[in-house]
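Worksheet for the structure shown next.
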Amino acid sequence: MSATSRRTHRCGELRAQHVGQRVRLGGWVHRQRDLGGIVFLDLRDRAGIVQVAIGPDAPEHVRSVAGGLTSETVVELEGEVAARPANMKNADLPTGDVEVRATKLAVVGRAVTPAIPVARGKGEELPAEELRLKYRHLDLRRPEMQANLILRHRLLQRARKALSDLGFLEIETPVLTKPTPEGARDYLVPSRVNPGEFYALPQSPQIYKQLLMVAGLDRYFQLARCFRDEDLRNDRQPEFTQIDIEASFVQMDDVLDYVETVLVALWDEAGHQVGRPFPRITWHEAMERYGTDKPDLRYDLPIADWTAQVQPLGVPFVQAALKDGARVRGLAVKGGSALSRKDVDQLAEAAKQLGGAGLAWVKRQGEQVSGSVGKHFTTTVLGTLGVGDGDAALLTVGPDRVTSPVLDRVRREVIRRLAPAPKAVHAFCWVVDFPLFEPDPETGKPVFAHHPFTSPRPEDRARLDGDPYACRALHYDAVYNGNELGSGSIRITDRDLQIKIFHKLGLTDEEWQQRFGFLIDGLGAGAPPHGGFAIGFDRVVMLLAGAGSLRDVIAFPKTTTARALFEGAPAPANPADLKALHIKVER
RNA sequence: GGGGCUGUAGCUCAGCUGGUUAGAGUGCCGGUCUGUCACACCGGAGGUCGCGGGUUCGAGCCCCGUCAGCCCCGCCA
């Protein structure tokens with residue numbers, strides 16, 4: 001498999017079984033150790049590193065070439081695989097039982113001194129990320145980065161196979177598509193032959209995959225590149241890959257089953273056994289117990305409503321804020337008295353940044369009760385809150401929209417600081433029954449929580465007009481260890497309902513016809529019940545690779561200002577091109 | 001749009017309260033060396049302290065601005 005007309009093996013493949021064979025190799029000089037009478041090369045390719053020995057008995061020209069080699073030079077060589085003497089094996093190297101005694105050696109790719117090192121010393125930090133991105137061809141030579149990309153490849157193949165085995169058809173959809181004024185900002189592409197008009201790059205193939213269902217293709221998937229012109233994070237890139245699926249004649253359970261099959265296959269590919277089915281939790285319960293729609297279920301430590309127990313105590317911090325539906329909510333932290341005063345202050349500071357009333361705390365050690373509001377509490381009251389000896393209570397007060405994010409943040413910080421043993425290593429769950437609408441933070445009016453093609457739960461459809469916020473959606477998220485892996489929904493297939501929803505969003509007939517007319521036409525042409533899902537593939541690879549950033553699992557990523565440092569994109573267009581595109585640039 | 005961290009030799013970093021000639025490791029160049037695996041040892045070169053301005057007798061260090069990378073909030077239907 002590895003052999004070509006120029007080589008017989010990859011460097012990293014050689015083992016004791018190859019001893020005695022004549023091999024030809026090509027690779028990069030990882031390191032060179034010139035001991036005078038003998039030169040050792042660590043020769044590297046994508047399979048790994050093997051030691052090449054050029055001793056006093058090697059041909060003269062081989063010795064002279066070997067002595068002059070510098071890092072990252074590409075060489076080809078021929079030699080015999082030899083067993084290393086017992087005391088000279090290298091247990092840290094998979095190839096460490098053998099070495100290659102070179103009889104021919106040639107430089108085939110001269111290398112200038114690399115701007116950033118590929119071979120690093122023990123304990124030496126990685127080069128600055130800016131340099132790693134600028135000299136990406138060097139950074140990608142590092143075995144860690146190659147391992148990430150190799151894992152990515154295997155996961156892609158496994159996803160393809162899993163979905164293909166389930167009868168899904170891989171179908172490509174356009175990259176030059178139509179601007180969608182909803183949602184994220186679009187990347188626009190000017191049209192030369194249609195002056196003043198623009199394509200958009202797809203934020204997702206959403207409408208296309210629904211049209212494929214209308215067309216009767218029944219089960220579709222795509223490893224789809226998506227584009228969103230929004231500000232970036234360590235887990236957000238402007239272009240990213242989704243495992244995008246859609247299926248017809250399904251209900252939610254069918255879709256969850258498909259997605260579980262894929263996720264379990266991906267985790268299996270990475271060497272992890274995962275149980276099925278994934279537990280389900282409603283959105284409401286997730287917000288109540290964890291303060292977030294992507295709870296980390298590896299740990300206990302649920303949020304509790306302590307209003308009834310704490311209100312009678314007359315704590316000033318609480319009394320001032322306890323009005324208009326505000327509640328006292330908190331965390332009973334097992335072993336929380338181990339949190340230092342500094343820890344607690346930092347938690348309170350983090351809480352304050354999220355707009356909370358602040359964070360009050362009580363520690364219990366034996367009969368001693370202390371803390372910022374400790375004097376109002378007795379061990380008996382703490383007992384009713386589940387706060388035992390050595391524990392702590394962390395509480396805040398206010399409306400849920402404030403206390404939920406505060407306690408989510410506090411919960412994650414407490415887990416980070418106390419590092420309790422997780423209940424499970426791989427905690428998947430489904431979050432279901434999301435609300436269909438949420439209040440617009442600026443206008444206060446209902447806007448769609450997800451995309452406008454998400455079906456309401458049939459039993460909630462009657463609430464669309466009277467009580468839209470109580471209307472639940474057939475929308476579901478897959479969550480893993482506190483990370484959102486993806487989301488999906490059962491779609492609206494009733495043309496009239498879809499139009500009604502557009503009206504609810506404030507779109508006039510003219511507006512929705514212009515933006516989504518082709519979807520509505522589809523729904524009017526005989527649409528099967530259908531639904532789907534999209535898995536954020538880059539994020540999956542990042543989690544399975546144990547990488548700290550999406551940039552470490554994408555070969556050529558962008559910076560946080562959406563720049564590509566290696567080739568220097570984006571760049572000004574030349575005037576002739578702009579003219580052809582009918583574009584004038586203001587600066 | 002807002003907040004924070006970082007920026008000193010090719011790379012990774014140190015640099016005290018503002019004080020003489022800005023250091024270390026590694027890499028690079030030259031040399032010695034027959035079993036190393038971060039080889040060892042000897043010698044050498046290498047600096048716009050991100051950039052611009054200011055304060056000061058004096059700035060790598062203080063102040064203002066700016067650029068870049070990273071992290072967070074907003075944003076991401």
Quick one: look up who [N] pairs with, Watson-Crick or G-U, both distances under 3.5 Å, and put none if it's unpaired.
{"N": "B/rG43", "answer": "B/rC29"}
{"N": "B/rA14", "answer": "none"}
{"N": "B/rA38", "answer": "none"}
{"N": "B/rC62", "answer": "B/rG54"}
{"N": "B/rU20", "answer": "none"}
{"N": "B/rA68", "answer": "B/rU6"}

[X] side chain, from C-beta outward: closest of [options]:
{"X": "A/Arg33", "options": "B/rG35, B/rG74, B/rU36", "answer": "B/rU36"}
{"X": "A/Pro56", "options": "B/rU34, B/rG74, B/rC70", "answer": "B/rU34"}
{"X": "A/Glu129", "options": "B/rC11, B/rC76, B/rC70", "answer": "B/rC70"}
{"X": "A/Leu35", "options": "B/rG35, B/rG69, B/rC11", "answer": "B/rG35"}
{"X": "A/Glu124", "options": "B/rG35, B/rG25, B/rC72", "answer": "B/rG25"}
{"X": "A/Arg236", "options": "B/rC75, B/rC39, B/rU12", "answer": "B/rC75"}
{"X": "A/Arg84", "options": "B/rU12, B/rC28, B/rC37", "answer": "B/rC37"}
{"X": "A/Thr559", "options": "B/rU12, B/rC70, B/rC39", "answer": "B/rC70"}
{"X": "A/Lys122", "options": "B/rC71, B/rC75, B/rA38", "answer": "B/rA38"}
{"X": "A/Pro127", "options": "B/rG69, B/rC11, B/rG35", "answer": "B/rC11"}

Between [N] and [M], how far apart are the two [atom1] atoms, rounded to whole Å?
{"N": "B/rG19", "M": "B/rC63", "atom1": "P", "answer": "15 Å"}
{"N": "B/rA22", "M": "B/rC67", "atom1": "C1'", "answer": "24 Å"}
{"N": "B/rG2", "M": "B/rG74", "atom1": "C1'", "answer": "8 Å"}
{"N": "B/rU55", "M": "B/rU17", "atom1": "P", "answer": "25 Å"}
{"N": "B/rG23", "M": "B/rG47", "atom1": "P", "answer": "13 Å"}
{"N": "B/rC70", "M": "B/rC13", "atom1": "P", "answer": "16 Å"}
{"N": "B/rC37", "M": "B/rG27", "atom1": "P", "answer": "13 Å"}
{"N": "B/rC62", "M": "B/rC57", "atom1": "C1'", "answer": "16 Å"}

Please assess A/Thr454 against A/Phe448 for the test side chain to side chain contact (heavy atoms under 4.5 Å, CB included), listing each intermediate value before the final yes or no.
CA-CA 9 Å; A/Thr454 301; A/Phe448 244 70; 4.2 Å; yes

Less than 3.5 Å between a donor and an acceptor, one on the side chain of A/Arg233 and one on the base of B/rG74, is that the case here?
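When only heavy-atom distances are counted, A/Arg233 does reach the base of B/rG74 through a donor-acceptor pair under 3.5 Å.
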
Between the side-chain atoms of A/Arg228 and the base atoms of B/rC76, is any donor-acceptor pair under 3.5 Å?
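Such a pair does not exist between side chain and base.
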
Taking the nucleotide of RNA chain B with the nearest heavy atom to each, does A/Asp231 or A/Glu438 sit closer to the 5' end?
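Nearest-nucleotide comparison on RNA chain B picks A/Asp231.
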
Closest-nucleotide ordering on RNA chain B, the 5'-leading residue of A/Phe448 and A/Thr561
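Nearest nucleotide further toward 5': that of A/Thr561.
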
Can A/Ile554 and A/Asp538 be said to form a side chain to side chain contact (heavy atoms under 4.5 Å, CB included), step by step?
CA-CA 7 Å; A/Ile554 295 174; A/Asp538 309 88; 3.6 Å; yes

Send over the distance from [X] [atom1] to [N] [atom2], rounded to a whole Å.
{"X": "A/Gln51", "N": "B/rC39", "atom1": "CD", "atom2": "P", "answer": "10 Å"}
{"X": "A/Asp34", "N": "B/rG31", "atom1": "CG", "atom2": "P", "answer": "11 Å"}
{"X": "A/Glu230", "N": "B/rG1", "atom1": "CD", "atom2": "C1'", "answer": "12 Å"}
{"X": "A/Glu125", "N": "B/rG27", "atom1": "CD", "atom2": "C1'", "answer": "17 Å"}
{"X": "A/Lys134", "N": "B/rG69", "atom1": "NZ", "atom2": "C1'", "answer": "12 Å"}
{"X": "A/Asn234", "N": "B/rC5", "atom1": "CG", "atom2": "P", "answer": "19 Å"}
{"X": "A/Glu130", "N": "B/rG10", "atom1": "CD", "atom2": "P", "answer": "15 Å"}
{"X": "A/Asp293", "N": "B/rC76", "atom1": "CG", "atom2": "C1'", "answer": "13 Å"}

Examine the side chains of A/Tyr290 and A/Asp296 and answer whether a donor and an acceptor come within less than 3.5 Å of each other.
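Side chains of A/Tyr290 and A/Asp296: no pair found under 3.5 Å.
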
Might you confirm whether atom CH2 of A/Trp28 has over 12 heavy atoms from other residues, nucleotides or ligands at distances under 6.0 Å?
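No, because the 6.0 Å sphere around CH2 of A/Trp28 holds 12 heavy atoms or fewer from other groups.
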
Reckon [X] touches a base, only the sugar-phosphate, or nothing at all at heavy-atom distances under 4.0 Å?
{"X": "A/Leu232", "answer": "nothing"}
{"X": "A/Ala449", "answer": "sugar-phosphate"}
{"X": "A/Leu93", "answer": "nothing"}
{"X": "A/Arg551", "answer": "sugar-phosphate"}
{"X": "A/Ser204", "answer": "base"}

Any [X] side-chain nitrogen or oxygen under 4.0 Å from OP1 or OP2 of [N]:
{"X": "A/Thr113", "N": "B/rG10", "answer": "no"}
{"X": "A/Asn90", "N": "B/rG35", "answer": "no"}
{"X": "A/Arg563", "N": "B/rC67", "answer": "no"}

Could you tell me whether A/Glu130 and A/Arg132 make a salt bridge, using a distance below 4.0 angstrom between a side-chain N and a carboxylate O?
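The answer is no: the pair does not qualify as a salt bridge.
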
Salt-bridge present (A/Arg10, A/Asp45; N to O < 4.0 Å):
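Between A/Asp45 and A/Arg10 there is no salt bridge, as every charged N stays at least 4.0 Å from the carboxylate O atoms.
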
Spacing of OG1 belonging to A/Thr103 relative to CZ belonging to A/Arg22, to within rounding of 0.5 Å
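Separation between the atoms: 4.0 Å.
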
Give the C-alpha distance, both sets of side-chain angles, the deciding distance and a yes or no for side-chain hydrogen bond (donor to acceptor under 3.5 Å, both in side chains) between A/Gln51 and A/Arg33.
CA-CA 10 Å; A/Gln51 172 164 286; A/Arg33 292 178 293 280; 2.9 Å; yes

Aromatic ring centroids of A/Phe453 and A/Phe516 under 6.0 Å?
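Distance test on ring centres: under 6.0 Å, yes.
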
